[in-house]
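Structure record follows, encoded as structure tokens.
The analysis underlying the following values was restricted to heavy atoms, covering all of them including side chains, and did not include hydrogens, waters or symmetry mates.
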Amino acid sequence: QLRLVESGGGLVQPGGSLRLSCASSGFGYRSIGWFRQAPGKAREGVSCVSSSGGTTNYADSVKGRFTMTRDNAKNTVYLQMNSLKPEDTAVYYCAATTSRGPCLRIPYDYWGQGTQVTVSS
């Protein structure tokens, strides 16, 4: 059973930055994604990297502001979030899957507990 633990959320002012971390027991050959869910809204994909280790994909709403990176030695992925906006406020989840396909659209099997990000002045 793969365990995922997110950290790094918090309260930040608009225009600020946060870095989220997702530690695992070992991602293996899985696609890894960051998702978020705001109150009253559906969960949406934010960023992901496929199991093949190809390019990282981003939702249009975060392109140019968010960067996802992976440290294989630490079995950890990160989401660097810059120029944060109030609409980025949500619970952010890390997830992993053995499914194949466009990594923002495939189903994910393993989920972390989530970390709250609040962007407000």
side-chain contact (heavy atoms from CB on, under 4.5 Å) assessment of T89 paired with V117: CA-CA 5 Å; T89 296; V117 171; 5.9 Å; no
Test log, rule side-chain contact (heavy atoms from CB on, under 4.5 Å), inputs V119 and K85: CA-CA 6 Å; V119 185; K85 304 175 181 180; 5.5 Å; no
Stepwise side-chain contact (heavy atoms from CB on, under 4.5 Å) check, V46 with F66: CA-CA 9 Å; V46 174; F66 290 12; 3.6 Å; yes
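Atom OG in S17 sits 10.0 Å away from atom CZ in R65 (nearest 0.5 Å). Atom CG of N75 and atom OG of S25 lie 7.5 Å apart (nearest 0.5 Å). Residue S50 holds its OG atom at 9.0 Å from CZ of R100, rounded to the nearest 0.5 Å. Distance CD/Q1 to CZ/R3: 11.0 Å, rounded to 0.5 Å. Remark: Y110 OH to I32 CD1 distance equals 13.0 Å, nearest 0.5 Å. Between L20 atom CG and M81 atom CE the span is 3.5 Å, to the nearest 0.5 Å.
Inter-residue side-chain proximity for Y92 and E6 is flagged as unmet; no heavy-atom pair is nearer than 4.5 Å. Under the 4.5 Å side-chain criterion, counting only non-hydrogen atoms from C-beta, F27 is in contact with R70. With contacts defined as side-chain heavy-atom distances shorter than 4.5 Å, the pair W34/V77 qualifies.
Nearest heavy-atom pair across M68 and Y58 is N-OH, 2.8 Å. Smallest separation of non-hydrogen atoms from E44 and S61: OE1-OG, 4.3 Å. Taking all atoms of both residues into account, the shortest heavy-atom contact from S24 to L2 is CB-CD1, 4.2 Å. Annotation for A90 and A38: closest pair CB-N, 3.8 Å, computed over non-hydrogen atoms. Listed here is the closest heavy atom pair of T76 and S21: CG2-CB, 4.3 Å. Heavy-atom minimum distance, L84 versus V12: CD1-CG1, 3.5 Å.
Clustering of Ile, Leu, Val, Met, Phe, Trp and Tyr by side-chain heavy atoms under 4.5 Å joins V5 with none of the others. Taking Ile, Leu, Val, Met, Phe, Trp and Tyr as members and joining any whose side-chain heavy atoms lie under 4.5 Å apart, directly or through other members, L11 forms no hydrophobic cluster with any other residue.
Hydrophobic cluster membership differs between Y93 and L79, with clusters built from Ile, Leu, Val, Met, Phe, Trp and Tyr side chains linked at under 4.5 angstrom.
In this view, T118 and Q116 satisfy the side chain to side chain donor-acceptor pair (under 3.5 Å) rule, not counting sequence neighbours. Evaluation of the ring pair (Phe, Tyr, Trp, His ring centres under 6.0 Å) rule for Y108 yields F35 as partners, not counting sequence neighbours. Listed by chain and residue number, nothing satisfies the side chain to side chain donor-acceptor pair (under 3.5 Å) test with T67 (two or more places apart in sequence, or in another chain).
N57 contributes no side-chain N or O that, together with a main-chain N or O of L104, makes up a donor-acceptor pair within less than 3.5 Å. Judged by distance alone, with hydrogens and angles left aside, the side-chain atoms of R36 form no donor-acceptor pair with the main-chain N or O of V91 at under 3.5 Å.
If you check the side chains of R19 and Y78, you find no donor sitting under 3.5 Å from an acceptor.
In this structure, R30 does not pair ionically with D109, as no charged nitrogen and carboxylate oxygen lie closer than 4.0 Å.
Among pairs with a residue in residues 69-116, those fulfilling disulfide bond (SG atoms under 2.5 Å apart) read C22-C94, C48-C103, at least two apart in sequence or across chains.
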